[in-house]
Amino acid sequence: MEFTVINSDIGRSGRDDGYHNGSDAASIRKFEHVGCLDLSCSNILHIANLCLISSTNLTSLKLPVNRIDKICNLDSYTNLVELDLSHNHIKQIENLQGLVKLKRLTLNHNPLTNIQNLDTQRDCLEMLDIGCCKIADYKFALYLRKFKNLISLIVEGNPCQTEPIDSQRTFILSFVQSLLVLNNKTIAVEERKKALDTHSQLIAILEKNDKKWKRLSVDEQLRLEQMASRKDAFLDGIPEGEDVDFNVSVFRNPTVEQVLMENGRYGIYNVYRGYADDFRRLITEITEAAETSRGIRARLVDEFHGELRQLIDDGVNESRKCVSEFTEYKKRVKCGLSAGGGDHVSPLINADVACERFGERTRATWLTLMSHEDQLSRKITKMIDALRDVLEKQIVEFKQLVNSRFCMLQRQQNKFLQFILEYAVSSVQSDDMNNRISRVSRFTNDISQCMESQASQVERAELYITKSASKWLDDVFDKFNSEEFQRNRRKILEIATFIRSQNKTLKQTQS
């Protein structure tokens, strides 16, 4: 038999519902609704060409005893419950993220060395067969301990054997505690209790580590939320924690460090702490202003959405009232046409008059509905403009405060660096004039570079914050205007469709 990939002929031969070859459209449609497909012993090299099979209906796929060396092309089969890839050449478990309902996975007699990439199946996997592979250690037990619904596991035939042989079973039972069957042998209550007692100390350590990682995960989530909050408040350009004074690089400067180290007893550190406290105070004021600004903006936008929703509801109710009146009129017209004319009036003339009047009423309804939409659109546009004026004023005030605090911060930094420079120059006590000039020059250049670096850092932070504020404002109102434009077009289209359908209905009634 030649090596091949999955094709329609192989697929038809592997169906479990008694299907035989056929080429008509009805047969193909029936083939697409297959729920179980067994393609064992088909010399398949690659999982591909499954497009004939519905990804919605297929729940069981069996591909044992083939030549497959890679798991792939199964992501769309989200309803797959059973997958059998035993007796193949698969070296790694991969590409199973889409199989969110997989309960039974059979991978025995494959050159697997590790169990991995099954995180998506932690809550659904019930049976796993990895017997007679090439797994050489017990790391898989630590990995599988998080699979809370795994009740059957087969691992015999792997090289990770121990002496005595029962110790392997005890080790696995102590960690994968959800198991009811191991290596096709039922687990007794006494056996499980013995396994837990044997490895109780190791289990306690692992549980402690789990709690630690859970706390770290919670801390990381809080950190991400804080980052999102800072982004909303335009604070991404503001340093946090130990960097909040904006001067970590300054205080690692050779001249600053030398002055602090050589003159600690003269109160230089007190001066340093005074300036550092001023830096933190200014940054705190900027941060609080940003948080206050975010709160005000959120409240204004929420109030706008509430008023907008009420305005649109009122407009919809007004339009519904107009449509209801028109519908009642249409019913009377249809009743009149059905009754025909009077004793001395031709039914044809009566119908023509009714249709003419109905056409006039339809045009009047059209104009009324369009007038309602036009008024509503103007009110919404006015509301958007009013909100923008309020928010622009609030953003301008915030930018002015930021600019003021950053200017003060820059002055404080320069004053501190100037103080350090003067102290460093005055402390030069060498009799050698050339050496004195050289050291003074080095101090001056060093501090000058610090001033330039800090000025650039402060300028970048301020620019980022002000640009972020402007971008937020533009983005918000671009979205508002776009949504209003789309709503307006959709409403006009609905009105036009309604009027056309009414005219069409009346013509059909007349004929």
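Here the structure is a predicted model, which is why all the values come from computation and not from measurement. Reckoned from all heavy atoms, side chains included, excluding hydrogens, waters and symmetry mates.
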Any side-chain donor near an acceptor of the partner, [X] and [Y], under 3.5 Å:
| X | Y | value |
| --- | --- | --- |
| N414 | Q410 | yes |
| Q449 | N445 | no |
| Q394 | S293 | yes |
| E483 | Q486 | no |

Student check: side-chain heavy atoms of [X] and [Y] closer than 4.5 Å:
| X | Y | value |
| --- | --- | --- |
| I286 | F406 | yes |
| S371 | Q375 | yes |
| L300 | L391 | yes |
| M127 | L105 | no |
| I71 | I90 | yes |
| L61 | L74 | yes |
| F234 | F398 | yes |
| I420 | Y275 | no |

From [atom1] ([X]) to [atom2] ([Y]), nearest 0.5 Å:
| X | Y | atom1 | atom2 | result |
| --- | --- | --- | --- | --- |
| T365 | M370 | OG1 | CE | 13.5 Å |
| C72 | H46 | SG | NE2 | 4.0 Å |
| F416 | Q454 | CZ | CD | 10.5 Å |
| L107 | L83 | CG | CG | 7.0 Å |
| N488 | K491 | CG | NZ | 10.5 Å |
| E325 | R320 | CD | CZ | 15.0 Å |

Discussion item. Quick check on E494: does its CD atom have over 12 non-hydrogen neighbours (other residues, nucleotides or ligands) under 6.0 Å away?
Written reply: yes
Worksheet item: Does D123 CG have over 12 foreign heavy atoms under 6.0 Å away?
Response: no
Considering all heavy atoms of both residues, which atom of [X] and which atom of [Y] are nearest to each other, and what is their separation?
| X | Y | result |
| --- | --- | --- |
| R297 | A290 | NH2-O, 4.3 Å |
| I380 | L308 | CG1-CD1, 3.6 Å |
| N73 | I47 | ND2-O, 2.5 Å |
| T78 | D75 | CG2-O, 3.8 Å |
| L401 | A289 | CD2-CB, 3.5 Å |
| L102 | V81 | CD1-O, 3.4 Å |

Worksheet entry | Ring-face cation contact, W366 with R361, 6.0 Å cut, 45° max | no
Response to the item:
The complete set of side-chain hydrogen bond (donor to acceptor under 3.5 Å, both in side chains) pairs with one or both residues in residues 94-107, sequence neighbours excluded, reads K70-E94, N79-K101
Worksheet item: Are F304 and F480 close enough that their ring centres sit under 6.0 Å apart?
Response: yes
Any donor-acceptor N/O pair, [X] side chain to [Y] backbone, under 3.5 Å:
| X | Y | answer |
| --- | --- | --- |
| T466 | L463 | yes |
| Y143 | L118 | yes |
| S319 | G315 | yes |
| T368 | A364 | yes |
| N317 | D313 | yes |
| T287 | I283 | yes |
| S377 | D374 | no |
| N481 | F477 | yes |
| N149 | L125 | no |
| S178 | L150 | yes |

Item to complete: Check step by step if salt bridge (charged side-chain N to carboxylate O under 4.0 Å, His left out) holds for K321 and E318.
Response: CA-CA 5 Å; K321 182 179 179 181; E318 191 175 359; over 6 Å; no
Please determine if [X] and [Y] form a salt bridge, counting it only when a charged side-chain N lies under 4.0 Å from a carboxylate O.
| X | Y | answer |
| --- | --- | --- |
| R122 | D119 | yes |
| R411 | D278 | no |
| D475 | K471 | yes |

Worksheet item: When E373 is tested against each of R487, K379, R489, R490 for salt bridge (Lys or Arg N to Asp or Glu O under 4.0 Å), which residue passes?
Response: R487
Practice prompt. Could you please spell out the steps behind the salt bridge (charged side-chain N to carboxylate O under 4.0 Å, His left out) verdict for D474 and R388?
Written response: CA-CA 9 Å; D474 291 339; R388 176 152 199 148; 2.9 Å; yes
Discussion item. Run the side chain to side chain contact (heavy atoms under 4.5 Å, CB included) test against T362 and tell me which residues pass, sequence neighbours left out.
Written reply: F326, F358, I499, N503
Practice prompt. Verify side-chain contact (heavy atoms from CB on, under 4.5 Å) between Y329 and R357, making sure each step is shown before the conclusion.
Written response: CA-CA 10 Å; Y329 175 78; R357 291 178 179 174; 3.5 Å; yes
Practice prompt. In sequence, state the C-alpha distance, the side-chain angles, and the governing distance for L128 and S152, and then conclude on side-chain contact (heavy atoms from CB on, under 4.5 Å).
Written response: CA-CA 6 Å; L128 177 63; S152 177; over 6 Å; no
Item to complete: Walk me through it: do V176 and F147 pass the test side-chain contact (heavy atoms from CB on, under 4.5 Å)?
Response: CA-CA 8 Å; V176 193; F147 287 66; 5.9 Å; no
Practice prompt. List the steps and the verdict of side-chain contact (heavy atoms from CB on, under 4.5 Å) for L80 and S60.
Written response: CA-CA 6 Å; L80 204 63; S60 177; 5.6 Å; no
